[in-house]
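Notes follow the structure.
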Number of protein chains: 2
Amino acid sequence: MTGDTARPRTADPELACPIAPVVDIVFSRWTTPILWALNEYGRQRFVELERRLTTITAKVLTQRLRQLERDGLVVRTYHPEVPPRVEYEISELGRSLAPLFATLADWSTANLGKVDQARLDYDAQARAGSRRS
Amino acid sequence: MTGDTARPRTADPELACPIAPVVDIVFSRWTTPILWALNEYGRQRFVELERRLTTITAKVLTQRLRQLERDGLVVRTYHPEVPPRVEYEISELGRSLAPLFATLADWSTANLGKVDQARLDYDAQARAGSRRS
DNA sequence: GCCGTTACTTTCCTCTAGGTACCTACTATA
DNA sequence: TATAGTAGGTACCTAGAGGAAAGTAACGGC
């Protein structure tokens, strides 16, 4: 129970970087796929999300959803029914990330190829032995 | 030597999320502070970066810089002088991330307070015992 | 009376990112 | 002679994130 909702806290390495806190909140592991799924497909139940993000485990999904709920990016609705039913949806605050994600998607389509090419070049150079015998 | 330049590869959990590859490249640990420092203060030597990102270790800094170099976001210049001198600067591709970082900074100033408030509310509710028991 | 379902929780285990510490080559300087 | 300084490389170790699997409550159905 201790520290369940506590953020891992990556210390203060980001002192030099004003965007570090946001990165910590928005781009920690699994958060982008979850937010994307909630934003794209609307309100969903736990199992729907679990099935959509095929490789996530229930434990981690719970952790991330709690974190996102605590940060106000996701709204959780619990229905105390016979088989419990819980629904998750993106909050207004979470939806305000949309333009950011759009910018990211734009950069992706425009430059991801360049990154791949850079990697090919780098690996070719490395294999050619230009760096260290 | 095996897998030094190889990306950790977070498997394929991000199948549902088109921006996942970019997140992997741009927002993996330490990359944003490094890119920010290079973009803000221009070309720098290894030790300058090390001192600026106060808590990073030399080993990790080397790893991240290699990774960024391989991805074409950072340019490394080696001067084979008496005491070795290496300079790092942001590449054109890296500089193309500037608007993205700007969007991020904007969202930060606008909404970081709301996240903090949401956390306070959530923690207060949790302490009030409304959830379980 | 047992199974199935949901949304977890808990326990145990593994794996690896990252930290510590020490090593390199080369020279200037004291 | 010894020490400092640069830009790492390398070996060892630990903490912690994340995975697997089982447990839980509460009820409906067979």
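We name chains A, B, ... by the order of the sequence lines, and we start the count at 1 in each one.
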Integer-rounded Å distance: [N] [atom2] and [X] [atom1]:
X        : N       : atom1 : atom2 : value
His79(B) : dT27(C) : NE2   : P     : 18 Å
Ile34(A) : dG18(D) : CD1   : P     : 11 Å
Leu65(B) : dT6(D)  : CG    : P     : 16 Å
Leu53(A) : dA7(C)  : CG    : P     : 14 Å
Leu49(B) : dA7(D)  : CG    : C1'   : 12 Å
Leu61(A) : dG19(D) : CG    : P     : 11 Å
Glu48(B) : dT6(D)  : CD    : P     : 10 Å
Glu50(A) : dT6(C)  : CD    : C1'   : 10 Å

Here's one to test your reading of the geometry: is the NZ or CZ of Arg52(B) within 45 degrees of the ring axis of Tyr41(B) and under 6.0 Å from its centre?
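Yes, a cation-pi geometry holds between Arg52(B) and Tyr41(B).
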Can you find a donor-acceptor pair, distance only, under 3.5 Å between Lys59(B) side chain and dG8(D) base?
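When only heavy-atom distances are counted, Lys59(B) does not reach the base of dG8(D) through any donor-acceptor pair under 3.5 Å.
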Check whether Gln125(B) reaches the backbone of Tyr122(B) with its side chain - one donor and one acceptor, N or O, closer than 3.5 Å.
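Flag not set: sc Gln125(B) to bb Tyr122(B) has no pair under 3.5 Å.
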Ionic contact status for Asp121(B) with Arg70(A), cut-off 4.0 Å:
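No, Arg70(A) and Asp121(B) are not salt-bridged.
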